[in-house]
Amino acid sequence: MLRRIAGLLRPHLARLLLAVSASVATELAALALMGTAAWLLARAAEQPPLAALSLAIVGVRAFATGRGVFRYAERLASHDAALRALATLRGKVYDSLVPLAPSGLPAYRSADLLSRMVNDVEAVQDVVVRVLVPVSTAIVVAGVAVGVCAVLLPSAAVALAAGLALAGLVVPLLMVATARRTARRLAPARAELAAHHTDLLQGSADLAVFGATATALDSAERASARLARLERRTALTTALGGAAAMLIQGVTTVAVTVLALDARSSGGLAGVMVPVVALVALISFEPVLPLVPAVQRLLESRASLRRVLAVLDTPAPVAEPGAAALPAPSAPVTVEARGLSVRYPGATVDAVDGVDLTLTPGRRVAVVGASGSGKSTLLACLMRFIEPSAGTVLLGGRPVQEYDGDDVRAVVTGVTQDAHLFHTSIRENLRLARPDATDDELLAALETARLRDWVESLPAGLDTLVGESGGQVSGGQRQRLALARALLADPPIVLLDEPTEGLDPRTADELMTDLLASTRGRTTVVVTHRLAGLDAVDEIVVMEAGRVVQRGTHADLVAADGPYQDLWWASRPVSSPS
Ligand SMILES: Nc1ncnc2c1ncn2[C@@H]1O[C@H](COP(=O)(O)OP(=O)(O)OP(=O)(O)O)[C@@H](O)[C@H]1O
């Protein structure tokens, strides 16, 4: 993991070095300021001529001013480097999520994923600002302070080195030993609480309907209490570590002062140098004390970054050919599935099992079958969202694996079962498919989706907001808006997964008739539970448990004994003639 963090920070090395240099300069200026000021006061007490003090006076002023300037430069450079590294990592996480969608994302709960993208990614900022810069500074400044003491009074240097090692090394290492487990559990505990909050918010209606709100609140409160316990434990460890380090600072300063006074009595150290040695010892701890919280942050950051790396390392459900990709296919093009099988990870049976399908330009196919028979999986495979476990999909005679996934979806696309509407206007939701579409084109697509009258009756028309995930429109309207968007995209091969879902039978049948009329001449696959209007398609494929159990035209299938005939009779009104 360290190598990967280093790789992430490498492009910002110059800024990091600048930040560390400025931080070291700040602390050295503070050290020099204290030393010079102590010397100045001690020397002034001896009432020497003013000229003997002038250099020290200038030094005090210069170090005091320098400290502020260096501190500002350090904050600027370290935050600049940290925010740049953060932006790079966020970009990488986002890039790795894109190929995971949609079939690879269910591995994560959405709140957990959000927590990884927002909170955990920010750990890289802490690594720079609260760990890398302070640790490097502490090492350099402690070395310089011990060096200065060694020149003035070697015995004080030994005491100081021991104190600094205790406060800067032993105490943090003890903290690592005690706080490691807690720190590792913090980020998942935060994500768990976020997931409970999301469930409470998004599922509030269902929880209320089934009287489960109190239970859900209870488990959210338990998650909150678990997190609070971990945070309390963390705070206690940090506070104890901090107190121990400060105690060591005090004891070391007293020891160094006693040694200095002793050396003065024996003539080994000039009187004016006693406060210098004492204050250098005291101040040299300033950059060392933040190491205690730095270790805590490092432990938490490691846990967070591990969660981020897990997202980066999640294998994409489909492999992209990269630079070897064929140029995007151009319409008209034939799509062919040959012996196509899909088995989801962990499943014991194939969701799609040996399906053959040929979509020559202009051919229209309907896929029907019971729920769970593999219809949506077949479409996902044609859109290259899922890698087949056997068989192949050919696009213009070449395996789809040889094309870039986005190029495949520019040709073969449509409405998925869980099409998403964004929290914006109807116009912007539709324009996602074609940003330059005019209002007339939007209305024409809405007309085919049987939504034009409804949109025109709305006070804000196309500017009506649809709410989060289309929450302010009905399920049927949501599905038809997604359909209108797919029609607007105008792909050469359009796949429609249950476009009439959520509609009353009459509207569903009218929509299907309109849809089949509007897709005449366009290669189309429509997955549907409703059989009305299917006499217009070239082929009907009947699926059961992933397999194609019947195929043919509506007339052939209605005439033959089999599941289609059963479905057909089951879908007819009792009084209606066949
Ligand atoms: N992401 C997934 N992971 C594991 N199994 C899945 C996944 N998606 C679907 N399945 C399983 O694959 C089988 C086929 O599902 P699919 O969604 O393709 O059926 P369908 O015919 O479209 O059903 P419906 O008409 O209800 O939409 C089902 O048994 C389903 O449980």
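Note that ligands are numbered from 1 as they come in the structure, with each ligand's atoms numbered from 1 the same way.
- Around atom CZ of Arg302, no more than 12 heavy atoms belonging to other residues, nucleotides or ligands sit under 6.0 Å away.
- Remark: ligand 1 atoms within the under-4.0 Å shell around heavy atoms of Thr377 are 14 (C), 15 (O), 16 (P), 18 (O).
- Interface atoms of ligand 1 facing Ala370, defined by a heavy-atom separation under 4.0 Å, are 21 (O).
- In this structure, the side chains of Leu8 and Lys92 come closer than 4.5 Å at one or more pairs of heavy atoms.
- Of all the atoms in ligand 1, the ones that sit under 4.0 Å from a non-hydrogen atom of His529 are 25 (O).
- In this structure, Gly374 has a heavy atom closer than 4.0 Å to ligand 1.
- Partners of Ala555 by side-chain contact (heavy atoms from CB on, under 4.5 Å), not counting sequence neighbours, listed by chain and number: Thr553.
- Within ligand 1, the atoms closer than 4.0 Å to a non-hydrogen atom of Ser371 are 23 (O), 24 (P), 25 (O), 26 (O), numbered from 1 in the order shown.
- Listed by atom number, the atoms of ligand 1 under 4.0 Å from Glu498 heavy atoms are 24 (P), 25 (O), 27 (O).
- Counting heavy atoms of neighbouring residues, nucleotides and ligands inside a 6.0 Å radius, atom CZ of Arg434 exceeds 12 of them.
- Ligand 1 lies less than 4.0 angstrom from a heavy atom belonging to Gly372.
- Under the 4.5 Å side-chain criterion, counting only non-hydrogen atoms from C-beta, Gln296 is not in contact with Arg130.
- The minimum heavy-atom distance between Arg90 and Val118, with the atom names listed, is NH2-O, 3.1 Å.
- By the 4.0 Å heavy-atom criterion, Met543 is excluded from the residues contacting ligand 1.
- For Ala380, the heavy-atom gap to ligand 1 stays at 4.0 angstrom or more.
- Shortest non-hydrogen contact noted between Gln477 and Leu451 is O-CD1, 3.8 Å.
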